[in-house]
Amino acid sequence: MKKILLSSFFNRKTLLVAEELIGKFLVRRVRGKEKALMICETEAYDGFKDKASHAHRGKTTRNEIMFREAGHIYVYFTYGMHYMLNIVTGNKDYPAAVLLRAVEGVSGPGRLTKKLRIDKKLNGKFLGRKTGLWIEDRGVTIQKKLIRRTPRIGIRYAEEWAKKPYRFVMKGKN
DNA sequence: TAAGTGATCTCT
DNA sequence: GAGATCACTTAA
């Protein structure tokens, strides 16, 4: 069974979406070919108060995508060489997103975007077949005990928010 | 462990 | 306009 996830899936609590995305399939169409890879690592960035989130200082031209409706694609460029792929969650005007950090066989958010040829052209688009990037439920259920929660990566500056277990990793992959 | 890389943000 | 920072990767 294959089911494309719609905005109703993403318009829920960010942490819940981040956890449930583990075991779903990220599907990318490039030059007519489709690749589907199981998601095994995500991180949640939730709301104004989250110091690790781009949105915690308010809306800017870069992060305004995070304030849009759930299901938008937020891609940004960092460290001079890497694109990061995020899916916007929650209500309009509430800044939240899930960072996709790894899929099966590809660990690291920068490598993921490189492998799937994801760049700024996708920034601000909506997930779906039309865009060439979407997420499917293929009936795989990951048991909760196989999902590990840990603090997020690369955000030591975020004080107390750096410790929160907002990262979800599937055990035994990568 | 540190360097590379460039967009973006936060001051002037 | 300048300077600092950064949700990372690679090579050592």
Side-chain angles (χ1 to χ4, degrees), chain A residues 5 9-24 26 28 35 37-91 93-127 131 133 135 147-171 173-174:
Chain A
L5 298 181
F9 177 87
F10 299 102
N11 189 14
R12 295 181 300 155
K13 286 192 145 178
T14 309
L15 284 168
L16 186 63
V17 175
E19 180 167 22
E20 290 193 5
L21 277 176
I22 303 288
K24 300 294 187 286
L26 179 66
R28 172 69 169 142
K35 284 183 203 169
L37 294 163
M38 192 171 7
I39 297 168
C40 13
E41 185 176 340
T42 62
E43 281 181 9
Y45 290 85
D46 186 26
F48 299 95
K49 283 187 294 190
D50 183 352
K51 285 207 176 92
S53 169
H54 288 165
H56 101 271
R57 288 169 192 275
K59 195 190 271 192
T60 67
T61 44
R62 176 172 65 156
N63 68 28
E64 61 95 5
I65 310 293
M66 291 181 79
F67 291 75
R68 297 200 196 171
E69 292 88 355
H72 280 274
I73 302 166
Y74 175 37
V75 178
Y76 68 91
F77 189 68
T78 194
Y79 295 112
M81 53 186 91
H82 299 299
Y83 292 102
M84 301 287 126
L85 172 63
N86 300 254
I87 311 299
V88 176
T89 62
N91 290 320
D93 296 324
Y94 181 79
V98 174
L99 170 65
L100 300 188
R101 291 188 56 88
V103 296
E104 55 181 329
V106 185
S107 46
R111 306 181 76 194
L112 188 159
T113 52
K114 189 177 172 194
K115 169 134 184 158
L116 296 180
R117 296 178 197 271
I118 289 162
D119 61 25
K120 289 204 86 157
K121 289 198 287 291
L122 287 165
N123 190 34
K125 295 245 168 70
F126 206 83
L127 283 175
T131 306
L133 182 68
I135 294 174
I147 298 177
R148 212 171 29 183
R149 291 185 65 160
T150 76
R152 291 172 291 184
I153 302 298
I155 55 156
R156 274 206 311 249
Y157 62 90
E159 299 165 29
E160 72 273 21
W161 291 87
K163 299 183 197 133
K164 291 193 185 290
Y166 278 17
R167 172 168 174 248
F168 298 88
V169 189
M170 193 192 317
K171 282 189 189 174
K173 286 275 178 183
N174 292 317

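Per chain, numbering begins at 1; letters A, B, ... match sequence-line order.
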Which protein N or O atoms sit under 3.5 Å from an N or O of nucleotides 8-12 of chain B?
| unit_1 | atom_1 | unit_2 | atom_2 | d |
| --- | --- | --- | --- | --- |
| B/dT8 | OP1 | A/K120 | NZ | 2.9 |
| B/dC9 | OP1 | A/T60 | OG1 | 2.5 |

- A/E43 (side chain) donor-acceptor with A/R101 (main chain) under 3.5 angstrom: no
- Any side-chain N or O of A/R156 under 4.0 Å from OP1/OP2 of C/dA7? no
- Hey, is A/E159 close enough to A/K51 for a salt bridge, meaning N to O under 4.0 Å? yes
- Message: When you measure from the centre of the six-membered ring of A/F126, is the NZ or CZ of A/R68 closer than 6.0 Å and no more than 45° off the axis?
- Response: no
- What's the CG-C1' distance between A/L112 and C/dT9, to the nearest Å? 14 Å
- Dot-bracket pairing map - DNA chain C, Watson-Crick plus G-U, both contacts under 3.5 Å, | cross-strand: ||||||.||||.
- Rounded to the nearest Å, what distance is computed from the NE2 atom of residue A/H82 to the P atom of nucleotide C/dT10? 7 Å
- Could I get the full list of side-chain contact (heavy atoms from CB on, under 4.5 Å) partners for A/F9, not counting sequence neighbours? A/L5, A/R12, A/V17, A/E20, A/L21, A/K24
- Give one of base, sugar-phosphate or nothing for A/L99, where a contact means two heavy atoms less than 4.0 Å apart. base
- Message: In this structure, how many angstroms lie between the C1' atom of C/dA11 and the CZ atom of A/R111, rounded?
- Response: 13 Å
- Query: Which word best sums up how the rings of A/H54 and A/Y74 line up, parallel for under 30°, tilted for 30 to 60°, or perpendicular for over 60°?
  - Reply: perpendicular
- Please name the pair of heavy atoms, one in A/D50 and one in A/A44, separated by the smallest distance, quoted to 0.1 Å. OD2-O, 4.2 Å
- Between A/S53 and A/M66, is any pair of side-chain heavy atoms under 4.5 Å apart? yes
- A/M81 near the nucleic acid: base, sugar-phosphate alone, or nothing, with a heavy-atom cut-off under 4.0 Å? base
- Query: Around A/R156, counting heavy atoms of other residues, nucleotides and ligands shown, do more than 12 lie under 6.0 Å from its CZ?
  - Reply: no
- Could you label the plane-to-plane angle of the A/Y79 and A/H82 rings as parallel, tilted or perpendicular, counting under 30° as parallel and over 60° as perpendicular? perpendicular
- Message: Just the rounded figure in Å: distance from C1' of C/dA7 to OH of A/Y45.
- Response: 4 Å
- Note on the structure: To the nearest angstrom, the CD1-P distance between A/I153 and C/dA7 comes to 12 Å
- Note on the structure: From CZ of A/R152 across to P of C/dA7 the rounded distance in Å is 10 Å
- Heavy-atom donor-acceptor pair, A/Y79 side-chain to C/dA7 base, under 3.5 Å: no
- Query: Tell me: OH of A/Y83 to C1' of B/dA7, nearest whole Å?
  - Reply: 10 Å
- Message: Whole angstroms only, please: what is the CZ-P distance between A/R101 and C/dA7?
- Response: 11 Å
